Amino acid sequence: MNKKFFVCAIVALLAFGGQAALAQEKEITYSQGDPTELWGTYYGKAETYDVAMLMNDKALAGLKIKQLRVPFPFTEGISEARVWLSKQLPAIKSGKMQSPDIVAVDFTPVADDWATITLDEPYTLTEEGVYVGYSFKTEKPNENTAQPVVTTKYTSTNGFLVHTTGKYRTAFHDLYPYAGQLAMEVVLSGTGIKDNAVAVVWMPELNLVAGESGMGQFEMVNHGTQGVSSIEYTVSIGGKEETYQTDVELRPVFGAFTDVDFRLPAVSDKGAYNYTLTVTKVNGQSNEDNAPALSAKANVYTTLPKHRAVLEEYTGTWCGYCPRGFVGLEEMNRLYPDDFIGISYHNGDPMEITSNFPSPVSGFPDAWLDRVSQTDAFCGDSQPGTFGIDKAWERRCEVFAPASIDIETQWTDNDHLQATAHTTFPIDSDECPYELCFALIQDGMTGTGSGWNQKNYYNGQSGWPASMDQFTQGNSSVSGLVFNDVIVARSSVAGLSGSLQAPIVADVAQSYSYTFDMNTVVNTSNENIIQDKNLLRVVVLLIDTRTGEIANANKCTAGHNTGIDATTLSRDASVDSVSYYNLQGQLVSSPQHGIFVRLEKLSNGKVITRKIKM
């Protein structure tokens, strides 16, 4: 064989192979998650829906949109369906969506399945992204057609944008965080698509205790054609690095994501650190993604305050929709007896003490979490008819609390209850933008007469959880109820000036006392409303004076304490009595195994308090 020909042939083959490799196209499907939920506007009339999501992941730039796939739970009453792409979210004029600026294609929905729509000309994505959506008309909905849009269980900004000719008539509304993301699938093609690739897209700012490892969750997104069954990742902080391997489950879909639990190595010294997490392997292969790592902040403290979010409910026995708040608070106390703090402000009934509420009330019922998040005391931020306040409350509890609060209460005489708050901040500060507020709460309130009968609009309704049976299966007016979490007195609307002082010294408690006079605990009719002193408790709120929000709180049964490890007083007298309390402040007659608080009352009136392990 001619040597020159052979060399040229090899060069040509290499060039052809290189071009073939460079030109190799792959397909990948983009999705925001598994379709799990149905959504509708509950407008009760025929209307047009325009729904969309924003695709703006920069890793998609250069890929082409070939097909769109849209799920419908039914086709009854559905007409004029079309998919569309637009660089800008289409404008709304006179309640109608204007034409998208890229393309719109009519299609025929498929009942309880996906309709696949192929574009005549594929659209190339840019780094700015594109709005992908679909529109359709519905007839007047019935119980089977009231929820025509399919969503996922996850939620994110621009993940579900909606305009309708009914409830959302004037503009597109971002339903984050009140509904899941839009369930659409987009088929993409192009070169450079990886097989085993995941990106780390979010990590939390962590707050840790010195000397203890921490736990967190990072969000990971599939950017490859393959499903993901396992990953290997490293975590580094303060000069320490550890490697972990874990099993995961991600569909072979671009955009499929999951939360992965991870452990942060222990740091011995207080301070602010940056930590970095890197996913190094996917399915045992090197991670091919361009964004395999992310860094976030970690704050290390000597002690870490526990955040107990406060749900303030606004209700009244005259309010026919207020029973759901009654049930919501009962359920939360059942689910979280130690940490849930509910405060029920009554209006227009025998339990009303004020109309000067700490939060704006747009109507009854109403509720606020920590005075920063308006919500529903039963549904939370979930769909009507579902119990979701637990999830909203849990999310609020994840917010870092700037201080911990321990409470001691004692009856100084038969009519006066003194509450002492011990507030401990984990970091030093020259400023103290916080104040304390004390609230007296009565459980077990009940009475006779029309003012105590709860108006009930839920009688005969279906579709509510079993916890609502008392009302859905009850009469239009329900008597004999026992009301808990009722606020009967407070020190102030917000904080008490001077209750906390600057400068703040880390890990050193500031103590402040407030006394409730039982003779002044009256309703707006000037009637004393203390029904059972044994069912009273004190709630102490830490108020951020800059925002008005409740930054933390704690509760304590009247005459007890929250199980604080108080400073030991000098023993200069004999012991009169010894009692034990669990860490929830409950009196224990015969402590067995566990950690308890031992109170020794001395003959000189002083008390020695210390934690002990039995």
Side-chain angles (χ1 to χ4, degrees), residues 32-33 35-56 68 70-102 104 106-107 109 129-184 321 360 362-363 365-367 373-376 379-386 388 392 463:
Q32 296 190 128
T36 58
E37 300 178 356
L38 300 179
W39 183 90
T41 65
Y42 299 93
Y43 187 57
K45 296 182 179 180
E47 59 184 325
T48 297
Y49 281 76
D50 304 302
V51 295
M53 63 184 182
L54 175 61
M55 289 178 59
N56 62 348
L68 303 174
V70 180
F72 268 89
F74 55 84
T75 55
E76 178 186 348
I78 301 295
S79 63
E80 299 184 27
R82 62 174 183 161
V83 294
W84 46 269
L85 304 178
S86 191
K87 296 177 184 177
Q88 302 294 326
L89 199 59
I92 306 298
K93 292 184 179 179
S94 300
K96 184 178 180 181
M97 188 187 87
Q98 303 303 291
S99 298
D101 55 27
I102 299 177
D106 295 336
F107 73 97
V130 66
Y131 290 95
V132 181
Y134 63 95
S135 303
F136 60 93
K137 284 187 177 181
T138 64
E139 296 177 359
K140 183 177 179 179
N142 55 46
E143 61 180 5
N144 297 317
T145 63
Q147 296 174 287
V149 181
V150 183
T151 64
T152 75
K153 68 178 181 179
Y154 300 105
T155 181
S156 69
T157 56
N158 294 309
F160 185 10
L161 302 159
V162 62
H163 161 260
T164 70
T165 51
K167 182 176 180 180
Y168 300 100
R169 187 175 187 274
T170 58
F172 272 95
H173 291 259
D174 190 343
L175 293 192
Y176 171 81
Y178 306 109
Q181 299 178 98
L182 190 62
M184 286 185 69
Y321 289 114
S362 54
D366 202 352
S373 176
Q374 192 171 21
T375 187
D376 184 275
C379 304
D381 303 327
S382 301
Q383 290 276 18
T386 59

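Everything numeric here is computed off the predicted structure, so don't read it as measured data. The residues of the chain are indexed from 1 along the displayed sequence. Side chains included, hydrogens not; waters and symmetry mates left out as well; all remaining heavy atoms used.
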Partners meeting side-chain contact (heavy atoms from CB on, under 4.5 Å) with [X] (sequence neighbours left out):
X	result
Pro365	Cys319, Tyr321, Cys322, Arg324
Thr157	Asp174, Tyr176
Pro141	Thr145, Ala146
Ser373	Leu369

Next on the checklist: Regarding Glu76 and Asn144, do their side chains bring together a donor and an acceptor under 3.5 Å, going by distance alone?
Outcome noted: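 Short answer, no.
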Donor-acceptor pair, [X] side chain versus [Y] backbone, under 3.5 Å?
X	Y	result
Gln32	Gly159	yes
Glu37	Thr151	no
His163	Thr170	no
Asp101	Lys87	yes

Should [X] and [Y] count as side-chain neighbours, where that means a heavy-atom distance under 4.5 Å?
X	Y	value
Asp376	Asp381	no
Leu38	Val149	no
Asp50	Pro90	no
Phe136	Pro109	no

Checklist entry - Just how far is it from atom CG of Asn158 to atom CG of Leu54, taken to the nearest 0.5 Å? => result 5.0 Å
Item to check | Point-to-point distance, once rounded to the nearest 0.5 Å, from CZ of Arg169 to OG of Ser94 | outcome: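 With rounding to 0.5 Å, CZ (Arg169) is 7.0 Å from OG (Ser94).
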Checklist entry - Given the rule in the side-chain contact (heavy atoms from CB on, under 4.5 Å) test, do Val83 and Val70 qualify, once you have shown the distances and angles that lead to the verdict? => result CA-CA 8 Å; Val83 294; Val70 180; 3.7 Å; yes
Checklist entry - Taking it one step at a time, do Leu182 and Tyr134 satisfy side-chain contact (heavy atoms from CB on, under 4.5 Å)? => result CA-CA 10 Å; Leu182 190 62; Tyr134 63 95; 4.0 Å; yes
Quick one: list whatever passes side-chain hydrogen bond (donor to acceptor under 3.5 Å, both in side chains) with [X], sequence neighbours left out.
X	result
Thr155	none
Glu47	Thr41, Thr164
Thr48	none
Thr152	none

Checklist outcome for this item: Those residues at least two apart in sequence (or on a different chain) that pass ring-ring contact (aromatic ring centres under 6.0 Å, His included) with Trp84 are none
Next on the checklist: Checking Tyr131 now: which residues fulfil ring-ring contact (aromatic ring centres under 6.0 Å, His included) with it, not counting sequence neighbours?
Outcome noted: none
Item to check | Trace of the side-chain contact (heavy atoms from CB on, under 4.5 Å) decision for Met53 with Gln181 | outcome: CA-CA 8 Å; Met53 63 184 182; Gln181 299 178 98; over 6 Å; no
Next on the checklist: For Val51 and Leu161: C-alpha separation, side-chain torsions, deciding distance, then whether side-chain contact (heavy atoms from CB on, under 4.5 Å) applies.
Outcome noted: CA-CA 6 Å; Val51 295; Leu161 302 159; over 6 Å; no
Next on the checklist: Is it the case that the ring center of Phe160 lies less than 6.0 angstrom away from the ring center of Phe172?
Outcome noted: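 No, they do not, as the ring centres are separated by 6.0 Å or more.
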Checklist entry - Are Tyr168 and His173 close enough that their ring centers fall under 6.0 Å? => result yes
Next on the checklist: Test: salt bridge (Lys or Arg N to Asp or Glu O under 4.0 Å). Region: residues 137-156. Which pairs qualify, not counting sequence neighbours?
Outcome noted: Glu80-Lys137
Checklist entry - Parallel under 30°, tilted from 30 to 60°, perpendicular over 60°: which one fits the rings of Tyr49 and Trp39? => result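 Tyr49 vs Trp39 ring planes: perpendicular.
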Checklist entry - Any chance CD of Gln88 has more than 12 other-residue heavy atoms, nucleotides or ligands included, within less than 6.0 Å? => result no
Item to check | Heavy atoms from other residues, nucleotides or ligands near OH of Tyr178 exceed 12 (cutoff 6.0 Å) | outcome: no
